[in-house]
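Everything below concerns the one structure shown next.
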Amino acid sequence: MSFTDQSSYLSQDIGECDPEIAALLRAEAERQTQTLEMIASENFTSHAVMQAAGSPLTNKYAEGLPGKRYYGGCEVVDQVEELAIARAKQLFGADHVNVQPHSGATANEAAYMALLKPGDRVLAMALAHGGHLTHGLKVNFSGRLYEFHHYGVRREDCRIDMDQVRELARETRPALIVAGASAYPRIIDFPAFREIADEVGARFMVDMAHIAGLVAAGVHPTPVGIADVVTTTIHKTLGGTRGGMVLSNAEHGTAVDRAVFPGLQGGPLMHIIAGKAVALGHALTEEFRDRQRHVVANCAAMAEELVAGGLNLVSGGTDNHLVLVDLSDTPLTGVDGEHRLEMAGITVNKNGVPFDERPPTVTSGLRIGTAALTTRGLREPELREIGRIIASALKPETSEADLADLRARSNAISERFPLYPHLTAGSVVA
Ligand SMILES: *Cc1c(COP(=O)(O)O)cnc(C)c1O
């Protein structure tokens, strides 16, 4: 690190004052460009979002809410946060929105804190069947603070077992029922959950972290207006800056706001809220809606090729942005599969499948999503080719030499779809 004087401390380019980190930023931009990114929870955010997230708003303390802050000098960031809230309300038709949660996990903490007391019972989807660690994993805050019970999917078709949800709801009388998943390839029936929640006198919360972009575009039915509280990330299918958000009906708005601050967080990340505002504004455009339709069409096209190539998919296919490949009947584990696809130039994650007999560190599945590549511009012909590459890579007899050939095919696709050209060409930050 080298700073020549006080003025250069404030204005020096990172390439000059911290070449070590600058080189890593460039290396990561190159890695993202050269591989096919298919981790279902990831996406590529826009240059504009990164400009907001890299802005001097990072300097501002703004504890409280717009117009009701504990710090001076908030007149500009108030407008930024108000715009983010207004855009989110318009996008999802919500009565109340809090855009301050630092992440999806924090949004869930806030929702629980608003709706529950420690020790209350909650019914949510099992992690092993596609749920999320904030839905009651024992070592997570959720599992430590609340008494979680879990429903799952049916063995026959791997769809959420609504009969089991009803039975468990009647048995456990939860204060809250949670719907939403991290690895579920099908449409979730929110009205059916609401009916069960009403029957047992529970509140209903939806965690739409994965599918928020699809919901915003009307490609997945919306939980807004059905659930009492809806939580989400901004950075998955919604494609914005990393962070979370809580939508709610008017009744729970104040409780949600108090849970976020002072319940859980101190100062909000105003630069990130600016990034959320930019992303939410973009999500209101026809370009965004059209792209979400392509996310789903691309995933369906890839799924067809995977099945044609002899792979089993959990539930037999997909309605959304992801598939779960089930390797249980093959000699390969999820770890093997992830490694092979990496050698073939495709980044995915190993993932448990419902009723998996292998441990979570090994697994028998792969979760593969199309949101990031669709944002990058890929369409059905490319996703079909990628489906064929994946199916070939996962054939037991495929050799290292074959994987190198497959990587050349992946690279040929990457090269046709530039990503952040200005970043790999020398400039390091937005
Ligand atoms: C990703 C995810 C979260 C958590 O989001 P983070 O921003 O990683 O904390 C919560 N719930 C579900 C269902 C998710 O998929």
Side-chain angles (χ1 to χ4, degrees), residues 37-43 45 49 53 98-115 122-137 139-143 145-146 148 150-153 160 176-188 190 193 204-216 220 223 227 229-247 256 259-260 264-265 268-269 272-273 275-276 279 295 318 320-324 348-352 354 360 365 367-372:
E37 182 52 71
M38 303 198 81
I39 292 177
S41 49
E42 292 192 11
N43 210 329
T45 200
V49 165
N98 187 301
V99 294
Q100 295 188 357
H102 300 333
S103 69
T106 314
N108 285 348
E109 274 185 274
Y112 298 151
M113 194 181 248
L115 297 171
V122 186
L123 182 59
M125 189 154 174
L127 180 60
H129 286 209
H132 189 259
L133 74 158
T134 57
H135 299 182
L137 186 70
V139 295
N140 183 259
F141 79 91
S142 54
L145 278 181
Y146 309 102
F148 269 83
H150 290 109
Y151 59 85
V153 299
I160 293 173
L176 178 69
I177 297 180
V178 180
S182 295
Y184 185 66
R186 296 297 183 176
I187 300 260
I188 301 177
F190 301 128
F193 274 97
F204 178 40
M205 162 180 156
V206 170
D207 176 352
M208 63 170 183
H210 257 264
I211 55 170
L214 308 184
V215 168
H220 188 293
V229 174
V230 177
T231 59
T232 185
T233 61
I234 313 288
H235 51 273
K236 295 182 181 176
T237 48
L238 208 44
T241 184
R242 193 157 288 277
M245 174 165 82
V246 184
L247 319 174
V256 167
V260 174
L264 292 165
Q265 296 186 170
L269 313 175
I272 297 300
I273 290 174
K276 290 175 185 177
V295 168
T318 175
N320 61 19
H321 63 298
L322 67 85
V323 297
L324 272 177
V348 302
N349 63 283
K350 66 175 179 293
N351 208 103
R367 189 181 66 157
I368 310 179
T370 52

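The figures here come from the full heavy-atom set of this structure, side chains too, leaving out hydrogens, waters and symmetry mates. As the structure is a prediction and not an experimental result, all values here were calculated from the model. Ligands are counted one by one from 1 in listed order, and the atoms in each one are counted from 1 as well. Residues take their numbers from the sequence shown, with the count starting at 1.
Looking at ligand 1, you'll find an N or O of Ser182 within less than 3.5 Å of one of its N or O atoms.
Thr231 and Ala107 make their closest contact through CG2-O, 3.6 Å (heavy atoms, listed as atom of the first residue, atom of the second, distance). Scanning both residues, His135 and Tyr112, for their nearest heavy atoms gives CD2-OH, 3.6 Å.
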> Would Arg367 and Ser41 satisfy side chain to side chain donor-acceptor pair (under 3.5 Å), going step by step from the backbone distance to the final call?
Replying inline: CA-CA 9 Å; Arg367 189 181 66 157; Ser41 49; 3.2 Å; yes

> Taking it one step at a time, do Asp207 and His132 satisfy side chain to side chain donor-acceptor pair (under 3.5 Å)?
Replying inline: CA-CA 9 Å; Asp207 176 352; His132 189 259; 5.1 Å; no

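Atom 8 (O) of ligand 1 has His235 NE2, 4.5 Å as its closest protein atom, hydrogens excluded (heavy atom only). Nearest non-hydrogen protein atom to atom 7 (O) of ligand 1 is Gly104 N, 2.9 Å. Here the protein heavy atom with the shortest distance to atom 13 (C) of ligand 1 is Asp207 OD2, 3.2 Å.
Closest to atom 1 (C) of ligand 1 by heavy atom, among His132, Lys236, Arg242, is Lys236.
Residue contacts with ligand 1, taken as heavy atom pairs separated by less than 4.0 Å, involve Asn108 solely via side-chain atoms from C-beta onward. Residue Ala181 touches ligand 1 through its backbone alone, judged by heavy-atom distances below 4.0 Å. Of the heavy atoms in Ala105, both backbone and side-chain atoms come closer than 4.0 Å to ligand 1.
Close approach to His210 involves these atoms of ligand 1, each under 4.0 Å from a residue heavy atom: 15 (O). For ligand 1 and Thr233, the ligand atoms under 4.0 Å from any heavy atom of the residue are 5 (O), 7 (O). Near Ser103, meaning under 4.0 Å from any of its heavy atoms, are these atoms of ligand 1: 7 (O), 9 (O).
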